Number of protein chains: 2
Amino acid sequence: MTLTLQDCRDRDAEDPLRALRDLFALPAGQIYLDGNSLGLAPRATAARVAQVVQQEWAQDLITSWNKAGWVDLPQRLGNQFAPWLGARRDELVFTDTTSINLFKVLTAAARIAAEDAPARRRLLTERSNFPTDLYIAESVCAQHGLQLVLLEPEEIPAALDDQAAILLLTHVNYRTGAMHDMAGLTAAAHAHGILCVWDLCHSAGAVPIDLHAADADFAVGCGYKYLNGGPGAPAFVWAHPRVVNRCAQPLAGWFGHAAPFAFTPGYAPADGIQRYLCGTQPIISLSALQCGLDVFSATEPLGGMAALRAKSLALTDLFIALVEQRCAGHGLGLATPLAHEKRGSQVCLTRDEGLGVDGQGSGAYAIVQALIARGVIGDFRQGDGGVGRHKDILRFGFTPLYLGFEDVWNAAEQLRQVLESGEWREARFHQRQAVT
Amino acid sequence: MTLTLQDCRDRDAEDPLRALRDLFALPAGQIYLDGNSLGLAPRATAARVAQVVQQEWAQDLITSWNKAGWVDLPQRLGNQFAPWLGARRDELVFTDTTSINLFKVLTAAARIAAEDAPARRRLLTERSNFPTDLYIAESVCAQHGLQLVLLEPEEIPAALDDQAAILLLTHVNYRTGAMHDMAGLTAAAHAHGILCVWDLCHSAGAVPIDLHAADADFAVGCGYKYLNGGPGAPAFVWAHPRVVNRCAQPLAGWFGHAAPFAFTPGYAPADGIQRYLCGTQPIISLSALQCGLDVFSATEPLGGMAALRAKSLALTDLFIALVEQRCAGHGLGLATPLAHEKRGSQVCLTRDEGLGVDGQGSGAYAIVQALIARGVIGDFRQGDGGVGRHKDILRFGFTPLYLGFEDVWNAAEQLRQVLESGEWREARFHQRQAVT
């Protein structure tokens, strides 16, 4: 069946989540498909941040540690968002960065493994995991005498053996949008006595997650992508109750102490997830993040994650169908799985090598730039230049909180026009930015 | 000579730094002597933060990584403030928290020491160092098989021997305001082959610091005290060029990679201090911090640190003199050294045990609460209850950027009235807050 613009408008009219987009500051003249890189600003954030700066800080000063609740903001935000991850009360905190939280939990996992199964010397992860995960894992492995083993996704099940201590996976792959079976892989790993650490950066707030049902051991994730917490917003960290108190994590700062304000000289970790706190947190950024979490709270009465997931899949299904129907013949392929249970909330298109200007490269970078010039904001992820399995990627994130079906139509239509006009071949679309 | 209120007013009228206080949002009806806990908000901060949220984030979104310079904000802030620490260009970054930065540099120091002098197994520090420094040092020692040795200040010189690998000191003590001789102790430590790590939390922006002249190895410090960066503002980290590239620091995240956006699977640390970055930084909090640093830039034409230090000593000299002249006979003592070269920018008063309500405790906590009720904001630091050398402390920070001589008069006068009226004995001043 051929899809039409009117079909899309009809679906927007019927969308039970449509009102949520009014909670966001929508960027003028843009279709923003990069919420998996940096989420939009909730409308409430500017006023909240102004209140923190002008009242809580400027006027109330140190009294705000108690009066405004700064002192337990990491825990309060954690409790607010915990149900969206299948976490329970007092199991989650927002603090520091994903990289730092990953260092904490991987080190804790290495310490637990050293105690329970010292002969296991391998930390398994996916070769195309987000690089900072690989870097942190490399650092933890070097410190603890572990071997870092990089696997392709299909190699993971066979690698789960009694040599492995830890399995670190990112739930939804940043390059492809492919989603792992968290419960299945965790169960398979546990059957071999392997601790499981999940990075939820590209899935928290985007897909259903139930950490307890999956029986995960540790999880970390990002506050500035689907949670709309603002640039560099603090990240989160979670540990299962059976492992949380097994050891101190290495970043043993005063906010993770059992009695932070007793100023005792010796370190005694707090019970539970509080021990994963370290130093004084950036209160302004943490307060901005709360406005992002408030949007999720507002989504609860509209159907919560089930409704978000249904819309997310409808949006990505629609985009895939429109690209197939309207952008054929331009060397595009699909990197994101078609099966719903394997798909995150993004659609990643590939483009064959040699289709770029003068037959060099894929042209994917320039196509993304030409789309951005037309107000369709996606991003580009470089492939391996044809030597391996990774093609160049055109990446489009679909955030059901603020995107509609007509947006998807328009994005696909702009892509069609960019490809058919050949305008992406213009030199101005080839200049690389420092960060893309 | 007996000091008068008019003397103080005259000194304010002659103060070349007087105009700087107009750069701050002064809390209504308060004399704020807690800038060593949380500095005041610069007036410029609210507008800057609004710009980041409403324009750079909400409208410009991911383009702000390049266009607004988010991507190198830690380095730009570092370069802006470097001269105030005697650091050179590209040697300083603002990032993460003091505790986390301390973990990075102590681990780096431990790795360097293990390579250069593996027989040295001691990390020396001061027993009354700020607790989070002790906790982080304890964690690093446990990981690297080092022994943490806690010393009284007068024991430090004799402990500098060929058993010691690292000396970690906080330049100005948080409890007493006593300042170490950074150059002298560093030279003495280096003469014994010991690496020196300095925590500048209570001295950066408050006293003259010249890291190169002192030949320090590593330094960390706080953005939310004398730098007025906002609650939980990102901290800073510095490493001497001779050690900065000696090893990777353990929090090996993507922002410390030589090519962060090349997304290569293996970690290669950047040259120089950039390798001390880890994850994505909280841009809103980091932008707020810049307004605090801008105040220091505005201080340069008025005499810079020399003028700030002269005023700071004049303020603390005045407060000490006024307490001596007008608050005698109430069991107060002075914890802060009288010698200028040993004094930070705070005055810490002690109070003898047994002078509290019903002869229990010192009453210092209640006196501080009664002062706060009168709008004089200092803070309390608990002693050891008479069993050791630490008395209860009434702590008053004097920030020359926004405090005047009449403020000091009024603070001392309120202290006199609290003591002479005995109002601090009222029950309402004895209830402890979660954070003080």
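Letters go in sequence order (proteins before strands), and every chain restarts at 1. Being a predicted model, the structure only gives us computed values, none of them experimental.
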Can you tell if the side chain of [X] reaches within under 4.5 Å of the side chain of [Y], non-hydrogen atoms only?
X        : Y        : value
A:Ile136 : B:Cys278 : yes
A:Trp57  : B:Leu40  : no
A:Leu61  : B:Gln30  : yes
A:Asp96  : B:Asp96  : no

Please rank [options] by heavy-atom pairs under 4.5 Å with chain A and give me the top one.
options                                : value
B:Ala47, B:Ser287, B:Gly39, B:Ala25    : B:Gly39
B:Gly232, B:Ala268, B:Gly279           : B:Gly232
B:Arg175, B:His257, B:Arg111, B:His144 : B:His257
B:Pro231, B:Ser139, B:Ser99            : B:Pro231
B:Val49, B:Ile100, B:Leu102            : B:Ile100

**Sub-6.0 Å ring centroid separation between B:Tyr135 and A:Phe255** =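 Ring centroids of B:Tyr135 and A:Phe255 are no less than 6.0 Å from each other.
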
Proximity breakdown for [X] and chain A, heavy-atom pairs closer than 4.5 Å:
X        : result
B:Glu56  : neither
B:Phe24  : neither
B:Thr264 : both
B:Ala50  : neither
B:Asp384 : neither

Donor-acceptor contact present, side-chain [X] to main-chain [Y], <3.5 Å:
X        : Y        : answer
A:Gln59  : B:Ala28  : yes
A:Ser285 : B:Ser285 : yes
A:Glu138 : B:Tyr267 : yes

**Message:** Would you say B:Tyr224 and A:Thr280 are linked by a side-chain donor-acceptor pair, where the criterion is simply a distance under 3.5 Å?
**Reply:**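 There is such a pair (donor and acceptor under 3.5 Å, judged by atom type) between the side chains of A:Thr280 and B:Tyr224.
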
**Message:** Less than 4.5 Å to any heavy atom of chain B: does that hold for the side chain of A:Ile377, its backbone, both, or neither?
**Reply:**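 Side chain of A:Ile377 only, per the 4.5 Å heavy-atom cut-off to chain B.
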
Contact leader toward chain B among [options], where contacts are heavy-atom pairs under 4.5 Å:
options                               : value
A:Ala58, A:Cys222, A:Pro260, A:Gly256 : A:Ala58
A:Gln54, A:Gln143, A:Arg43            : A:Gln143
A:Ala233, A:Ala248, A:Gly266          : A:Gly266

**Request:** Take the angle between the ring planes of A:Phe263 and B:Tyr174 and call it parallel below 30°, perpendicular above 60°, tilted in between.
**Result:** parallel

**Fill in**
Nearest heavy-atom contact between A:Ser37 and B:Ile62 is OG-CG2, 3.7 Å

Separation of [Y] [atom2] from [X] [atom1] (nearest 0.5 Å):
X        : Y        : atom1 : atom2 : answer
B:Thr45  : A:Ile284 : OG1   : CD1   : 7.5 Å
B:Ile372 : A:Thr63  : CD1   : OG1   : 9.0 Å
B:Arg432 : A:Phe261 : CZ    : CZ    : 14.0 Å

**Message:** Assess the residue pair B:Thr97 and A:Trp254 against the criterion (side chain to side chain contact (heavy atoms under 4.5 Å, CB included)); give the C-alpha distance rounded to whole Å, side-chain angles, the decisive distance to 0.1 Å, and a yes or no.
**Reply:** CA-CA 11 Å; B:Thr97 67; A:Trp254 66 318; over 6 Å; no

